[in-house]
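We use all heavy atoms of the structure for the numbers below, so side chains are in, but hydrogens, waters and symmetry mates are not. FYI, the numbering just counts along the sequence from 1.
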Amino acid sequence: MKTLFDLSEKVAVVTGAGGALCGEMAKALATAGAKVAVLDLSEDAAQKVADEINKTGGKAIAVKCSVLDKQQLEEAGKKITEKLGTVDILINGAGGNKKEATTSDSLSFFDLPMDAIRGVFDLNFIGTVLASQVFGKDMAEKGSGVILNISSMNAFRPLTKICGYSAAKAAVSNFTQWLAVHINQNYSKDIRVNAIAPGFFLTEQNRFLLTDEKTGKLTPRGKTIIEHTPMGRFGQPGDLIGTMLWLVSDASKFVTGIVVPVDGGFSAFSGV
């Protein structure tokens, strides 16, 4: 069992790893033995996660990088290869929504600014494609590797208010399946591409939708989510770790092209 999940000497890249969810993933990868490149647009956030890993006996480097800039991704790749080795695992975690791309009582769908929607779509989808091009190319050249994308419940059921984010995550799920097939058919049978679709995790990116900014109590939207989540709570960062480790390790070596919900049963519940 230990061998199945062992990531010793593997080199893992996690984009968006300065954030709560992907930061936990980066730490878990290190605990499993991987050498981790912590990529984030915020150098301070990336360094904080890398420092935590190194202090606990792991090996990590922080790299400031925009997933929307291919040149920056390529420069990050060179730095990672020099300091850690060639990449074995890529987790495309950079993403999120914007308040400006979210409908509300004061902002109708008809007035949503296209630059805000485009920004959300690009960050979640284009950022996934670009990172997969850069780091996936290295995997194709050596004939092995794992790419894990981060989709969302929005890809299964589009949620109200966040049209750009929902569309982007649906694109990520579709791209996951497409890339899994393309890589196997054209480059290597030993490269796998899968995705995790988190349910509702209370983060800084969605807190303003799920809790009242002044009181901290659940908004009507937050209450509806809990009522439709059979397990009766929001997800916690650690809830993603088991599924993540399964999908990036040899424990799932015959699994590719799937999107796994980690949602407390939300996608299974009809509401009645």
Donor-acceptor pair, side chain of [X] and main chain of [Y], under 3.5 angstrom:
X	Y	value
Asn194	Gly257	yes
Ser188	Gly143	yes
Ser66	Leu41	no
Thr102	Lys98	yes
Asn92	Thr15	no
Asn154	Tyr165	no
Asn174	Trp178	no
Ser42	Ala45	yes

Would you mind listing every salt bridge (Lys or Arg N to Asp or Glu O under 4.0 Å) that reaches into [range], with sequence neighbours excluded?
range	value
residues 105-133	none
residues 171-191	none
residues 24-48	Glu9-Lys35, Glu24-Lys27, Lys27-Glu52

Pairing residues for [X] by the ring-ring contact (aromatic ring centres under 6.0 Å, His included) criterion, not counting sequence neighbours:
X	answer
Phe266	Phe200
Tyr187	His182
Phe135	none

Begin with the C-alpha distance, continue with both residues' side-chain angles, and end with the deciding distance and a verdict on side chain to side chain contact (heavy atoms under 4.5 Å, CB included) for Val193 and Phe175. CA-CA 10 Å; Val193 185; Phe175 173 66; over 6 Å; no
Can you list the other members of the hydrophobic cluster that holds Phe110, where links are side-chain heavy atoms under 4.5 angstrom apart?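 Answer for Phe110: Leu107, Phe109, Leu112, Met114, Ile117.
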Are Lys59 and Asn54 close enough that a side-chain donor and a side-chain acceptor fall under 3.5 Å?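 There is no such pair (donor and acceptor under 3.5 Å, judged by atom type) between the side chains of Lys59 and Asn54.
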According to a hydrophobic-cluster definition based on side-chain heavy atoms being under 4.5 Å apart (Ile, Leu, Val, Met, Phe, Trp, Tyr only), do [X] and [Y] belong together?
X	Y	answer
Ile80	Val38	no
Val248	Val49	yes
Leu29	Ile61	no
Val36	Ile241	yes
Val172	Ile89	no

When you look at Val146 and Ile191, which way does the side chain to side chain contact (heavy atoms under 4.5 Å, CB included) test go after all the steps? CA-CA 6 Å; Val146 178; Ile191 299 174; over 6 Å; no
Decide yes or no on side chain to side chain contact (heavy atoms under 4.5 Å, CB included) for Cys65 and Leu73, but give the supporting numbers first. CA-CA 6 Å; Cys65 181; Leu73 285 165; 3.6 Å; yes
Walk me through it: do Gln72 and Val63 pass the test side chain to side chain contact (heavy atoms under 4.5 Å, CB included)? CA-CA 10 Å; Gln72 286 189 30; Val63 183; over 6 Å; no
The reported gap from CG in Asp263 to CE in Met153 (rounded to nearest 0.5 angstrom) is 4.0 Å
How would you list all residue pairs meeting side chain to side chain donor-acceptor pair (under 3.5 Å) that involve residues 232-243, not counting sequence neighbours? Arg233-Asp239
I need the full list of side chain to side chain donor-acceptor pair (under 3.5 Å) pairs touching residues 246-259, with sequence neighbours left out, sorted by first then second residue.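 Applying side chain to side chain donor-acceptor pair (under 3.5 Å) to every pair that reaches into residues 246-259, excluding sequence neighbours, yields Arg192-Ser252.
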Which residues pass the side chain to side chain donor-acceptor pair (under 3.5 Å) test with Thr229, not counting sequence neighbours? none
Under the salt bridge (Lys or Arg N to Asp or Glu O under 4.0 Å) test, which residues partner Lys99, sequence neighbours left out?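 By the salt bridge (Lys or Arg N to Asp or Glu O under 4.0 Å) rule, Lys99 matches Glu213.
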Any residue meeting salt bridge (Lys or Arg N to Asp or Glu O under 4.0 Å) with Asp88, in chain and number order, not counting sequence neighbours: Lys142
When the ring planes of Phe121 and Phe125 are compared, do they come out parallel, tilted or perpendicular, using 30° and 60° as the limits?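 Because their plane-to-plane angle lies in the 30° to 60° range, the rings of Phe121 and Phe125 count as tilted.
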